Colleague: 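Okay, here's the structure, questions in a sec.
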Amino acid sequence: MKSARKCIVNGRVQGVFFRVSARNVAAELGVFGYAKNLHDGRVEVHVEGDPAAVAALCDWLWDGPEAAEVAHVECKTVPQVGYDDFTTG
């Protein structure tokens with residue numbers, strides 16, 4: 001059984017390679033989805049796959065890459081879309 005979550009990451013998360021780092025972690029964990037910048041400075045992440053791997057990526061979002069300063073992460077369970085890669089659109 002697979003799971004899917006959508007997370008909104010707040011803080012200093014744009015311009016610090018957050019999306020690329022999320023893609024790299026997603027590849028290591030074998031999960032799919034996307035990370036994209038929002039106009040208000042936040043990053044939206046949709047991730048789906050094995051529930052333990054999805055949870056691991058959601059936990060990583062609290063740390064992010066070294067230059068990030070994550071203030072808050074809000075995740076919610078969402079329907080699966082069926083992604084077959086992880087993009088940084």
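When reading the values below, keep in mind they use all heavy atoms of this one structure, side chains included, and skip hydrogens, waters and symmetry mates. These figures come from a predicted structure and were not determined experimentally.
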Colleague: Minimum heavy-atom separation for Leu57 and Ala22, please, with both atom names.
Modeller: CD1-O, 4.1 Å
Colleague: Run the salt bridge (charged side-chain N to carboxylate O under 4.0 Å, His left out) test against Arg23 and tell me which residues pass, sequence neighbours left out.
Modeller: none
Colleague: Got more than 12 heavy atoms from elsewhere within 6.0 Å of CD, Gln80?
Modeller: yes
Colleague: Might you work through the side-chain contact (heavy atoms from CB on, under 4.5 Å) test for Arg5 and Val78, ending with a clear yes or no?
Modeller: CA-CA 5 Å; Arg5 300 193 81 191; Val78 295; 5.5 Å; no
Colleague: Sequence neighbours left out, what passes salt bridge (charged side-chain N to carboxylate O under 4.0 Å, His left out) with Asp85? Give chain and number order.
Modeller: none
Colleague: Do His46 and Phe32 have ring centroids that are under 6.0 Å from one another?
Modeller: no
Colleague: Which heavy atom in Pro65 sits nearest to a heavy atom in Ser21, and how many Å separate them?
Modeller: CB-OG, 3.4 Å
Colleague: Is it the case that one hydrophobic cluster holds both Val31 and Tyr34, taking links as side-chain heavy atoms less than 4.5 Å apart, direct or via other members?
Modeller: no
Colleague: Counting only heavy atoms from other residues, nucleotides and ligands, does the tally under 6.0 Å from CZ of Phe17 exceed 12?
Modeller: no
Colleague: Please report the C-alpha distance between Val13 and Val70 in whole Å, then the side-chain angles of each, then the deciding distance to 0.1 Å, and finally whether the side-chain contact (heavy atoms from CB on, under 4.5 Å) criterion is met.
Modeller: CA-CA 7 Å; Val13 293; Val70 177; 4.1 Å; yes
Colleague: Is the shortest heavy-atom distance from the side chain of Asn10 to the side chain of Val73 under 4.5 Å?
Modeller: no
Colleague: Can you check whether Trp62 and Phe18 have ring centres sitting under 6.0 Å from each other?
Modeller: no
Colleague: Could you go through Cys58 and Cys7, starting from their C-alpha distance and side-chain angles, then the distance that decides it, and tell me whether this counts as disulfide bond (SG atoms under 2.5 Å apart)?
Modeller: CA-CA 7 Å; Cys58 292; Cys7 302; 3.6 Å; no
Colleague: For Arg19 and Val43, what are the C-alpha separation, side-chain angles and deciding distance, and is it a side-chain contact (heavy atoms from CB on, under 4.5 Å)?
Modeller: CA-CA 8 Å; Arg19 293 174 299 139; Val43 170; 4.2 Å; yes
Colleague: When you look at Leu29 and Val54, which way does the side-chain contact (heavy atoms from CB on, under 4.5 Å) test go after all the steps?
Modeller: CA-CA 8 Å; Leu29 294 169; Val54 168; over 6 Å; no
Colleague: Could you give the distance from CD1 (Ile8) to SG (Cys75), rounded to the nearest 0.5 Å?
Modeller: 9.0 Å
Colleague: Can you measure from NE2 (His39) to CD (Gln14) and round to the nearest 0.5 angstrom?
Modeller: 9.5 Å
Colleague: Any non-hydrogen side-chain atom of Asn24 less than 4.5 Å from a side-chain atom of Phe86?
Modeller: no
Colleague: With no hydrogens and no angle check, is any side-chain donor or acceptor of Glu44 less than 3.5 Å from a backbone partner on Ala35?
Modeller: no
Colleague: Hey, are the side chains of Val81 and Glu48 touching, using non-hydrogen atoms and a 4.5 Å cut-off?
Modeller: yes
